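Protein chains get the first letters and strands the later ones, always in sequence-line order, with residue 1 at the start of each. It should be emphasised that the depicted structure is a prediction, and the values quoted were computed from it without experimental measurement.
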Amino acid sequence: MSAGRGRAAGVGPSGAAPAVFGPTLGRGFFDRHPAEVARDLLGRCLFSAVGPEPVVVRLTEVEAYAGEVDPASHAFRGPTVRNEVMFGEGGHLYRYFIYGMYWCANVVTGPAGTAGGVLLRAGEVVAGHELARLRRPSARKESDLAAGPAKLTAALGWNAVDSGPRSGEDLCSTTGPARLLAGTPVAPEQVVAGPRVGVAAAKEVPWRFWVDGDPTVSTYRRHVPKKTPGRGVD
DNA sequence: CCGCCGATCCTCT
DNA sequence: GAGGATCGGCGGG
């Protein structure tokens with residue numbers, strides 16, 4: 001059982017909100033450069049109202065993507081059907097399907113018109129462990145429940161199988177299926193920065209941020225170019 | 001611990 | 001057509 005940590009700090013923006021887990025982040029939080037937002041997201045909490053009980057994950061690893069000026073960003077070549085929400089108002093969810101079987105989640109940053117985003121890479125499950133374990137049967141340790149972008153969305157139920165929140169969902173909402181809670185920011189001296197995982201372009205840009213020494217941070221993998229299809233031809 | 005490999009299908013050129 | 005902001009399993013040092 002263990003239903004989360006008691007401590008219902010006052011909170012309660014105006015009216016709604018289940019105060020147990022604290023308030024959601026305000027819109028203004030996301031109106032900054034993605035790298036700045038990314039750093040500030042460590043220690044904050046993702047709240048999922050998908051399924052029979054809530055699941056809450058405390059963020060320990062994130063990556064910033066700077067839209068049109070960042071060759072590693074999905075928005076680098078301009079708006080498309082998939083990435084259009086990245087060009088909209090900050091604080092919304094950008095969810096995408098990858099490798100034919102996984103889902104990853106981003107928080108959109110900046111004002112409408114710019115295309116920043118922060119990939120939610122990993123975190124620590126702080127509530128709803130039971131449900132998270134059911135959704136992540138291959139995880140052997142607690143620390144591996146959300147130790148990767150696709151693992152994190154799976155633990156939260158933010159995928160198609162669980163009818164999770166789609167791109168465009170407002171994470172500032174106090175009633176929606178996907179929310180971003182204020183939590184407790186991580187002290188600057190505990191934040192480490194390094195190159196982003198698995199990206200082919202701009203591989204040296206240090207826009208991956210994580211909590212120093214935290215066991216829930218995913219292991220780094222460099223980009224592996226696809227196998228050359230042996231030149232059959234002739 | 002590290003590296004390689006296959007799975008699987010949507011998206012953009 | 002080709003490749004991808006991944007994961008998990010397997011084999012070697």
Colleague: Under a cut-off of 3.5 Å for both distances of each Watson-Crick or G-U pair, what dot-bracket string does DNA chain C give, using [ ] for crossing pairs and | for inter-strand pairs?
Modeller: ||||.|||||||.
Colleague: Mind listing the residues from residues 75-91 of chain A sitting with a heavy atom below 4.0 Å of DNA chain C? Number order is fine.
Modeller: none
Colleague: Suppose we screen for ring-ring contact (aromatic ring centres under 6.0 Å, His included). Which residues come up paired with Phe76(A), at least two apart in sequence or across chains?
Modeller: none
Colleague: Can you sort out the partners of Phe97(A) under ring-ring contact (aromatic ring centres under 6.0 Å, His included), two or more places apart, ordered by chain and number?
Modeller: Trp103(A)
Colleague: With side-chain hydrogen bond (donor to acceptor under 3.5 Å, both in side chains) as the test, pick out the partner of His74(A) among Tyr96(A), Tyr94(A), Tyr65(A).
Modeller: Tyr94(A)
Colleague: Kindly indicate whether the side chain of Arg136(A) and the base of dG8(C) share any N or O donor-acceptor pair separated by less than 3.5 Å?
Modeller: no
Colleague: Which residues, if any, of residues 194-216 of chain A bring a heavy atom under 4.0 Å of DNA chain C?
Modeller: Gly198(A), Val199(A)
Colleague: For Trp207(A), give me all partners under ring-ring contact (aromatic ring centres under 6.0 Å, His included), at least two apart in sequence or on another chain.
Modeller: His33(A)
Colleague: Among pairs that include at least one residue of residues 37-53 of chain A, which meet side chain to side chain donor-acceptor pair (under 3.5 Å), considering only residues two or more places apart or in two chains?
Modeller: Arg32(A)-Asp40(A), Asp40(A)-Arg44(A), Ser48(A)-Trp158(A)
Colleague: Between N or O atoms, less than 3.5 Å apart, protein on one side and nucleotides 11-13 of chain C on the other: list the pairs.
Modeller:
none

Colleague: Could you check which residues of residues 59-68 of chain A get a heavy atom under 4.0 Å from DNA chain C? Sort them by number, please.
Modeller: Tyr65(A)
Colleague: Can you list, by residue number, the residues of residues 93-122 of chain A that have a non-hydrogen atom closer than 4.0 angstrom to DNA chain B?
Modeller: Phe97(A), Tyr99(A), Gly100(A), Met101(A)
Colleague: In residues 141-149 of chain A, what residues come within less than 4.0 Å of DNA chain C, judged by heavy atoms?
Modeller: Gly148(A), Pro149(A)
Colleague: State which residues pass salt bridge (charged side-chain N to carboxylate O under 4.0 Å, His left out) with Glu63(A); sequence neighbours excluded, sorted by chain then number.
Modeller: Arg121(A)
